[in-house]
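Structure first, then comments.
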Amino acid sequence: MAEVLKIAIQKSGRLYDESVKLLKDCGIGLKNGINRLKTEVDNFPMEIYFLRDDDIPQYVEDAVANVGIVGENVVYEKNKQVDIVEKLGFGKCRLSVAVSKNEKYDKVSFLANKRIATSYPLLVQQFLDKNNVKAEIHAISGSVEIAPGIGLADAIVDLVSSGSTLFMNGLKEVETVLDSQAVLIKNKNLDAARTQLLEKFLFRIRAVKKAKNNKYILLNAPNEKLKDIIGLLPGMKSPTVLPLAEAGWSSVHSVVDENDFWDIIAKLKEAGAQGILVVPIEKMIM
Ligand code: PRT
Ligand code: ZN
């Protein structure tokens, strides 16, 4: 049987939808039936395993799966022998210290000799060591945010994204221990065939990521303004310029970074651009 790349993704939870979407955007056709442990793929030599996120680093270390998609927070806390290959740009959150909103927190030494509840004892210990603070870590597996309210802890370290969970529990965020996002991890001893498949997969992931951060832009410009307008557009090489049917006008096509997008649009209008169209890009290969 030909070699396949075995990938582990979260079975359900916050990373599931985006992980599946990434595979689909990479042209990897998942068969339905997510309630199974594993699924095969028709059009790419890949097998997909659906697992709890906490178990993914271990499975990848043990080569039960060759690669996996999991949060950096889990990778570092589990501390398994795996390599991080690529940041994936979703599942963004931070692991933060929070205390009751009434506490007067000034610096990390506030935590000295305090009780800290967390599901991330290793990362918290490393954070305390780095700051030369000794505290008591209470490792608990869920509902960490209620620990201060029931008198179990003086502080917590937990994942935060919008901050509303902390707010609803009368807590405030005071330090960031780790910024996290979903990453692709790999086994340290992939054979040549698997390494080649991973390269192929990574090439697609990067094209999808790049496309997500860029937009295709089309606009009409009076020829006398062309020079100014082209000056505003970076493009992959340089913008494409085509004559319009109406004399004295051109159509300009280019690619702009999502982050600079609104800024550039405003300047383009000011410079005399009209009929600006902005289109999402599906894949982008440089
Ligand atoms: O069942 P399984 O073990 O696979 O899933 P899980 O319940 O352990 O994990 P899950 O699905 O909750 O999260 C999977 C991964 O998503 C995490 O390991 C992070 O890498 C990432 N992620 C991103 C988050 C969050 N954002 C997040 N906000 N994981 C958890 N939260 C929780 C947090 O623990 C807290 O309870 O959401 C709450 C805070 O959210 P806000 O928006 O109120 O701040
Ligand atoms: Zn989990």
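Since this is a predicted model, take the numbers as computed values, not measurements. Each ligand, and each atom within it, is numbered from 1 in the order the structure gives.
- If you check the side chains of N73 and E77, you find no donor sitting under 3.5 Å from an acceptor.
- With no hydrogens or angles considered, no side-chain donor-acceptor pair links T165 and E145 at under 3.5 Å.
- Contacts classified as ring-ring contact (aromatic ring centres under 6.0 Å, His included) and involving residues 101-149 (residues at least two apart or in different chains) are given here: Y105-F110.
- Side-chain N/O atoms of E61 and Y59 include no donor and acceptor closer than 3.5 Å.
- For the pair K212 and E258, the salt-bridge criterion is not met [side-chain N within less than 4.0 Å of a carboxylate O].
- Closest non-hydrogen pair, P239 versus I230, comes out as CG-CG2, 3.9 Å.
- Cluster partners of L244, using a side-chain heavy-atom cutoff of under 4.5 Å among ILVMFWY residues and allowing indirect links, are W249.
- The minimum heavy-atom distance linking I56 with G68 is given by the pair CG2-CA, 4.1 Å.
- Of the charged side-chain nitrogens involved, at least one lies within less than 4.0 Å of a carboxylate oxygen, so that E72 and K87 count as a salt-bridged pair.
- Residues with a heavy atom under 4.0 Å from ligand 1: Q10, S12, G13, R14, L15, R52, D53, D54, G71, N73, V74, G91, K92, C93, D158, L159, V160, S161, S162, G163, S164, T165.
- Within the protein, the N, O or S atoms lying under 2.8 Å from the Zn ion (ligand 2) are D53 OD1, D54 OD1.
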